[in-house]
Amino acid sequence: MSTSRKTRSTKSYSNLGRYSSFDFDEYRPLPVAYQLRGSILERIRAKKPVLTEIDGREETKGDVIRALLSGTHPYLVSEEGTGKTRLARSLTKLLYPIPILTGCHYNDDPKWPNHLLCPRCRASANPLKEFGFEIVPGERRFSRIQGNEYTNEAKLLGLKDIQAIAQGMSPSDPLVFTGTGVFRANRGILFVDELPAIRTKIQVLLHPILEEKKAILEEYNWEHPLDVILVATGNPQGFSHVNEIPRPLLDRLEPIYMALPDEEVEKEIMLKERFRVTMDPATVDDDGQWPRYPSMADIERRVVAPWWILDAINKSVRYSRICPHVEKRASIRATNRAIDHSYASAELENREVVNLKHVYQGLRLALRGRIGLRVDLVDFDNPERTFQIADQLAGDFLWNVFEDMRKASDIIGDGDKEKLGAELIELFSSDIELDSGRLPGSLLGSYGEVKKAIDQMKKSAPQRVKEEFLSPREKTLYRSPQADVVEEYNFSALEALANLAIHEGILNESQPRGIFIPRQFKI
């Protein structure tokens, strides 16, 4: 394609200002979830911080990043004044600028097919030619709905244009409808502040937006596709003006507790944000170049979960359904989210093989809003404690999985258990550095029974995981000779093996170092 054609197609439709390097011919639309994932992974792989505007709260930020890497919707829970709104708005820094058809209130992309367009743009024979396009920066791809008892369908979805009706248009014509909150968020972040303050019958309108990616307007017999990531906030259960969130809606959110920062961090925030008088104008760190959009290869998952990890995730969620401390059972969606968040935990550390710590991090995020604790375990005066108990239960589910695996295990099988235990004790007492999450194969040669068990775990993969369910990337990683992948694979296997040995009674849980050991929940 010639340069002249590119220049012509860019300048015919819009004055791009500082984005003069934008190439319309090469541009391809991407869903919001893909853009956020690509932007986050780019920062992680470059060893750059992802959420720089929020100080401290590393665990909270980690869970938000996991949720976004999984393409899901964070629900930030805490009392007032912890920075929930700031965190939500800071996510727009991860969004790229995008072109929209000029004047479109639904942010239609100029390269979208006709069926995705709003009524105005769809009515045009050539909307790009008729309207042209403009660039919307990431910071503007944010629509806020303030939740309170007065938040109604009109604030959430939209209302009728009375003037258009007065001029003779039919009240049931979609063209007389003016979209508000969720439509302004199309192709961006929909921020619902204080979700539980909205009446339950209004909250349910969000369900098809998250489940089916469309807004449903029954009065117009019209369903409009929407591409949004919802970020919601709310006070904990037990606060005034808190309505129940419908379970089907909560099942599509990832609850994340956001505490106040530690004392030292709060002191730093105080000093940074105190009132100042300065003559320096605000500056924008922008070189005027159009950012490089992520490719599908950039976004593709580059992580593999060994079969023992898949079993641990599946069995943990299933155990949560029979746990005596749980009254509300987890849905199938909990299993799906748990594996996605476990993958995301590995990606967050720029790793390629999932280990048990990643599983624990994924489980606790996936299960918080999908299980209901026994009433006596819910602390209405200390909501953070309730979150902590739910997270401890995620560890308990994993503990029970290894207890069951031990009883039916063919990993240790016919090996010499006593010798295996002795070798594990020796390995963990050695100078081998395990905090890196890697175990070099060359070091396993000195531990015959350990190596035998790990080799058996690897060899049994084809019988444990059907290849038809693996992506090409996963198949490659399963057989990869690359040193980093092999070492991470060895570490993940060692971690599972050590936990099984603890449950077999041939290793004391105080002896292993550098690995994750789930604990049994005790009241």
Side-chain angles (χ1 to χ4, degrees), residues 34 37-48 50 65-66 69-70 292 294-313 339-362 411 424 427-428 430-448 450-499 513-516:
Y34 285 16
R37 178 173 166 80
S39 181
I40 291 169
L41 289 175
E42 181 182 20
R43 285 165 170 77
I44 290 172
R45 290 164 184 166
K47 295 181 169 48
K48 294 180 179 178
V50 178
I65 294 168
R66 285 183 189 93
L69 284 173
S70 300
R292 188 187 76 85
S295 66
M296 296 307 292
D298 294 328
I299 298 170
E300 180 189 18
R301 186 164 276 148
R302 304 179 187 178
V303 180
V304 65
W307 67 261
W308 54 88
I309 292 294
L310 298 176
D311 278 7
I313 294 169
I339 187 171
D340 281 338
H341 297 333
S342 299
Y343 283 131
S345 296
E347 290 174 323
L348 189 52
E349 294 183 358
N350 205 16
R351 298 196 183 280
E352 295 180 283
V353 181
V354 179
N355 60 43
L356 281 181
K357 183 184 72 173
H358 302 144
V359 172
Y360 170 67
Q361 293 167 332
I411 296 176
L424 285 170
L427 187 153
F428 288 118
S430 70
D431 295 330
I432 295 176
E433 179 58 56
L434 294 174
D435 291 334
S436 63
R438 293 187 173 92
L439 176 61
S442 58
L443 297 176
L444 282 176
S446 303
Y447 306 96
V450 174
K451 185 177 187 302
K452 176 182 174 182
I454 289 178
D455 286 346
Q456 176 58 32
M457 292 169 73
K458 292 180 179 180
K459 288 176 184 176
S460 60
Q463 290 78 48
R464 301 281 190 161
V465 184
K466 294 181 180 179
E467 278 216 357
E468 62 192 275
F469 299 125
L470 299 177
S471 70
R473 177 74 180 177
E474 285 177 306
K475 292 175 184 176
T476 300
L477 286 172
Y478 262 116
R479 305 179 182 90
S480 176
Q482 186 180 338
D484 286 353
V485 177
V486 171
E487 291 175 7
E488 288 183 26
Y489 218 110
N490 288 339
F491 175 84
S492 182
L494 174 68
E495 204 170 36
L497 183 62
N499 274 278
R513 56 174 181 77
I515 67 169
F516 177 78

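Here, residue 1 is the first one in the sequence, and each next residue gets the next number.
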Between I309 and S342, is there a side-chain heavy-atom distance shorter than 4.5 Å?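 When only atoms from C-beta onward are counted, I309 and S342 do not touch, as no gap falls below 4.5 Å.
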Could you check whether any side-chain heavy atom of P306 comes within less than 4.5 Å of a side-chain heavy atom of V353, counting everything from C-beta outward?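 Answer yes - side chains close enough.
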Point-to-point distance, once rounded to the nearest 0.5 Å, from [atom1] of [X] to [atom2] of [Y]:
{"X": "L356", "Y": "N499", "atom1": "CG", "atom2": "CG", "value": "5.5 Å"}
{"X": "R301", "Y": "L41", "atom1": "CZ", "atom2": "CG", "value": "9.5 Å"}
{"X": "E433", "Y": "D431", "atom1": "CD", "atom2": "CG", "value": "9.5 Å"}
{"X": "Y343", "Y": "L69", "atom1": "OH", "atom2": "CG", "value": "14.0 Å"}
{"X": "H358", "Y": "L348", "atom1": "NE2", "atom2": "CG", "value": "8.0 Å"}
{"X": "I515", "Y": "F491", "atom1": "CD1", "atom2": "CZ", "value": "7.0 Å"}

- Task: Walk me through it: do L434 and F428 pass the test side-chain contact (heavy atoms from CB on, under 4.5 Å)?
- Result: CA-CA 9 Å; L434 294 174; F428 288 118; 3.6 Å; yes
ask   = Given the rule in the side-chain contact (heavy atoms from CB on, under 4.5 Å) test, do E347 and I65 qualify, once you have shown the distances and angles that lead to the verdict?
value = CA-CA 10 Å; E347 290 174 323; I65 294 168; over 6 Å; no
* To do: Could you walk me through whether L494 and Y447 pass the side-chain contact (heavy atoms from CB on, under 4.5 Å) test, one step at a time?
  => CA-CA 12 Å; L494 174 68; Y447 306 96; over 6 Å; no
_Just to verify, which of E352, E488, E495 counts as forming a salt bridge (Lys or Arg N to Asp or Glu O under 4.0 Å) with R438?_
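Going through E352, E488, E495 one by one, the salt bridge (Lys or Arg N to Asp or Glu O under 4.0 Å) with R438 is satisfied by E488 alone.
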**Study point:** Sole residue of K452, K458, K451 in salt bridge (Lys or Arg N to Asp or Glu O under 4.0 Å) with D455
**Key:**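 Running salt bridge (Lys or Arg N to Asp or Glu O under 4.0 Å) over K452, K458, K451 with D455 returns exactly one hit, K451.
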- request: State whether the side chain of D298 and the backbone N or O of G38 hold a donor-acceptor pair below 3.5 Å, judged by distance alone.
  value: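 Not at all, since once roles are kept as given, no pair shorter than 3.5 Å links the two residues.
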* Counting heavy atoms not belonging to Y34, are there more than 12 under 6.0 Å from its OH? ->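 Atom OH in Y34 is not packed in, count stays at 12 or less.
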Legend entry - Nearest heavy atoms of W307 and M457, plus distance in Å: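 Minimum heavy-atom contact is NE1-O, 2.7 Å.
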For the residue pair S70 and R66, confirm or rule out a side-chain donor-acceptor distance under 3.5 Å.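 No, no side-chain donor-acceptor pair sits under 3.5 Å.
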